[in-house]
> 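Below you will find the structure I want to go over with you.
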Amino acid sequence: MIPVRDSSIDETAARLRAAMVDELRASDNGIATEAVAASVATVPRHLFAPGESLEAAYAANKALVIKRDQNGRAISSLSATHIQAVMLEQAEIEPGMRILEVGSGGYNAALIQELVGDRGSVTSVDIDQEIVVRARACLDKAGYGHVEVVVADAEAGVAERSPYDRIIVTAGAYDLPPAWLDQLSDRGRIVVPLRIRGLTRSIAFDRISTDGKASLISRGYRLCGFVPMQGVGSRREQVVPLTDDAALRVDDGLWDYDVEALRQALDSPRLERWSGAPFDLPDELELFLVTNVSQAAMLHVDEKLVKSGQFAPSTARGVPTLIDNGSFAYRTKRANEKTGGFESGVFAHGPDAEGVAEQYIELLRRWARDHRRRSAARIQYFPKESDMPAQFVGLIPKRHGAVEVTWP
């Protein structure tokens with residue numbers, strides 16, 4: 001497909017687009033195939049980012065906010081090209097496929113249309129009428145008029161154009177609604193930024209059938225971040241305030257913490273313990289931690305507490321935290337050439353700081369010994385009507401089913 005050309009900016013846009021493709025090709029986790037490279041090289045991203053500079057439109061790792069709510073929070077964005085390329089590589093789209101995109105911005109749908117070609121079809125659905133109108137206008141201007149853009153709550157999918165060979169979700173999802181699995185072809189794949197105990201990973205799920213019952217099995221996952229899903233499928237994390245400057249964020253089910261005891265623990269002396277294990281691949285380590293700790297919570301503290309030295313830098317971004325009654329422990333790191341650059345460790349507070357620190361240290365050592373590599377986890381999704389595995393710490397109940405995370 002040949003996008004509409006604007007002679008006043010075409011040469012600069014083409015140069016920046018080519019440079020972006022080169023950058024994404026050189027990335028360890030970026031463009032890997034000729035098909036995705038060609039689609040990114042073809043689609044004029046700046047036509048989907050009106051009002052932005054060409055430099056911003058073609059910055060490989062820059063997300064552009066499309067719309068904010070009344071509180072200033074982003075509720076729709078044009079994702080960074082880097083993560084869009086990663087998800088398209090995960091999807092392994094082939095010419096002639098039927099694709100459903102959940103969350104419309106226009107640009108990603110155009111990339112997908114390039115991949116499926118004239119024999120394929122792309123349907124993009126969004127709950128926001130304003131976003132759909134905007135996406136339609138951008139697609140038309142760029143020359144992708146036959147991409148279908150639909151206003152609907154994506155919880156129900158778009159049944160009239162199913163079945164889909166791929167469903168690509170471009171909003172942060174807490175769960176997978178039954179309609180997505182129902183509208184997926186027998187050999188279909190869902191690529192979805194799924195929230196797992198406070199962490200989001202873009203997971204490529206293939207549909208499988210066991211004894212006539214469908215489930216989904218992961219073929220890989222990547223670190224990502226997206227604005228959360230709106231509509232029926234939305235679900236916010238629960239915030240458990242400890243002080244004005246510190247809080248726990250809890251993603252699943254009910255919490256039953258002794259908040260007063262934890263507040264006292266925050267003011268208690270800090271215990272440090274070091275594992276002797278290397279610290280790297282923090283995104284893989286954190287997924288291991290949250291799926292191996294009962295009632296996992298993420299501890300978030302204000303930056304000023306980090307700058308004062310009271311808490312490790314990891315807490316400013318949110319860190320998996322082990323809580324046992326009125327004591328808690330979380331991971332940190334320090335420079336150590338003997339462990340390859342950095343060593344993982346634990347800061348603990350509370351009356352049983354020794355006990356929770358030891359539990360956490362054992363997890364850090366186990367991960368480094370047995371699972372220190374990319375995509376070490378096996379993630380399976382079981383709809384409610386399927387045979388659920390026995391309850392264990394890595395089984396995460398959801399609204400429509402459960403996520404099982406194991407570490408073979």
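Atoms considered below: every heavy atom in the structure, side chains included; atoms not considered: hydrogens, waters and symmetry mates.
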> Name all residues meeting the salt bridge (charged side-chain N to carboxylate O under 4.0 Å, His left out) criterion together with Asp22; count only those two or more places apart in sequence or in a different chain, and write none if there are none.
none
> Report the residues that fulfil ring-ring contact (aromatic ring centres under 6.0 Å, His included) with Tyr164, sequence neighbours left out, ordered by chain and then residue number.
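For Tyr164 there are no ring-ring contact (aromatic ring centres under 6.0 Å, His included) partners, ignoring immediate neighbours.
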> Looking at residues at least two apart in the chain, or sitting in another chain, which of them share a ring-ring contact (aromatic ring centres under 6.0 Å, His included) with Trp407?
Phe288, His371
> Distance alone, cut at 3.5 Å: any donor-acceptor contact between the side chains of Ser121 and Glu148?
no
> For residues 382-394, which side-chain donor-acceptor pairs fall under 3.5 Å, sequence neighbours excluded?
residue	atom	partner	partner atom	Å
Lys384	NZ	Arg399	O	2.9
Ser386	OG	Pro383	O	2.6
Asp387	OD1	Lys213	NZ	3.1

> Under 3.5 Å, which donor-acceptor pairs do the side chains of residues 53-65 form with other protein atoms, sequence neighbours left out?
residue	atom	partner	partner atom	Å
Ser53	OG	Ala56	N	3.0
Tyr58	OH	Arg17	NH1	2.8
Tyr58	OH	Arg45	N	3.0
Tyr58	OH	His46	N	3.3
Tyr58	OH	His46	ND1	2.6

> Show, in sequence, the C-alpha distance, side-chain angles and deciding distance for Asp245 and Lys304, and conclude whether the salt bridge (charged side-chain N to carboxylate O under 4.0 Å, His left out) test is met.
CA-CA 9 Å; Asp245 300 317; Lys304 66 185 179 184; 3.5 Å; yes
> For the salt bridge (Lys or Arg N to Asp or Glu O under 4.0 Å) test, which of Arg334, Arg365, Arg273, Arg331 pairs with Glu343?
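Only one of Arg334, Arg365, Arg273, Arg331 forms a salt bridge (Lys or Arg N to Asp or Glu O under 4.0 Å) with Glu343, namely Arg334.
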> Apply the test side chain to side chain contact (heavy atoms under 4.5 Å, CB included) to residues Val346 and Ser275: give CA-CA distance (whole Å), side-chain angles for both, the deciding distance (0.1 Å), then the verdict.
CA-CA 8 Å; Val346 168; Ser275 68; over 6 Å; no
> Please determine whether salt bridge (charged side-chain N to carboxylate O under 4.0 Å, His left out) holds for the pair Arg25 and Glu34, giving the CA-CA distance in whole Å, both sets of side-chain angles, and the decisive distance to 0.1 Å.
CA-CA 10 Å; Arg25 278 179 173 275; Glu34 290 301 323; 2.8 Å; yes
> Determine, for Arg195 against Asp251, whether the closest basic-nitrogen to carboxylate-oxygen distance falls under 4.0 angstrom.
yes
> Can you list everything that forms a ring-ring contact (aromatic ring centres under 6.0 Å, His included) with Phe328? Sequence neighbours excluded, please.
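ring-ring contact (aromatic ring centres under 6.0 Å, His included) check on Phe328 returns His349.
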> Kindly check if the number of other-residue, nucleotide or ligand heavy atoms within 6.0 Å of CZ (Arg119) is above 12?
no
> Under a 3.5 Å cutoff, is there a donor and acceptor pairing between the side chains of Tyr221 and Glu284?
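Yes, side-chain donor-acceptor contact under 3.5 Å.
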> Of all residues at least two apart in sequence or in a different chain, which pass the side-chain contact (heavy atoms from CB on, under 4.5 Å) check with Arg236?
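Arg236 satisfies side-chain contact (heavy atoms from CB on, under 4.5 Å) with Arg73, Pro228 only.
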> Could you go through residues 98-109 and list every donor-acceptor pair under 3.5 Å that involves a side-chain atom there, pairing it with any protein atom two or more places apart or in another chain?
residue	atom	partner	partner atom	Å
Arg98	NE	Arg161	O	3.4
Arg98	NE	Pro163	O	3.3
Arg98	NH2	Arg161	O	2.4
Glu101	OE1	Ser124	OG	2.5
Glu101	OE2	Asn108	ND2	3.1
Ser104	OG	Ser124	OG	2.6

> Determine whether more than 12 heavy atoms belonging to other residues, nucleotides or ligands lie under 6.0 Å from atom CG of Asp244.
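Counting other residues, nucleotides and ligands, CG of Asp244 stays at 12 neighbours or fewer.
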> Which heavy-atom pair separates Phe226 from Thr170 by the least distance, and what is that distance?
CD2-O, 3.3 Å
> Could you tell me which residues satisfy side chain to side chain donor-acceptor pair (under 3.5 Å) with His400, sequence neighbours excluded, listed by chain and number?
Glu155
> Yes or no on side chain to side chain contact (heavy atoms under 4.5 Å, CB included) for Asp283 and Arg201, after CA distance, side-chain angles and deciding distance?
CA-CA 9 Å; Asp283 53 316; Arg201 298 292 182 266; 3.6 Å; yes
> With a 4.5 Å limit on heavy-atom distance, are the side chains of Val40 and Met20 in contact?
yes
> Do Arg366 and Asn292 come close enough that some side-chain heavy atom pair is under 4.5 Å?
yes
> By the salt bridge (charged side-chain N to carboxylate O under 4.0 Å, His left out) test, which pairs, at least two apart or in different chains, include something from residues 80-95?
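Only Glu92-Arg189 qualify under salt bridge (charged side-chain N to carboxylate O under 4.0 Å, His left out).
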> Could you report the tightest heavy-atom contact between Pro50 and Phe48, atom names first, then the distance?
CD-C, 3.3 Å
> Is there any salt bridge (charged side-chain N to carboxylate O under 4.0 Å, His left out) pair reaching into residues 121-139, and which pairs are they, with sequence neighbours excluded?
Lys67-Asp128, Lys67-Glu130, Arg136-Asp140
> Return the minimal non-hydrogen interatomic distance between Met298 and Leu199, and the atom names on each side.
CE-CD2, 3.7 Å
> Report yes or no: is the cationic atom of Lys333 (NZ for Lys, CZ for Arg) under 6.0 Å from the centre of the six-membered ring of Phe279, at an angle within 45° of the ring normal?
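Geometry flag: not set, cation outside 6.0 Å or 45°.
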> Sequence neighbours left out, what pairs pass side-chain hydrogen bond (donor to acceptor under 3.5 Å, both in side chains) with at least one residue falling in residues 310-323?
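Output for this query lists Ser308-Gln310.
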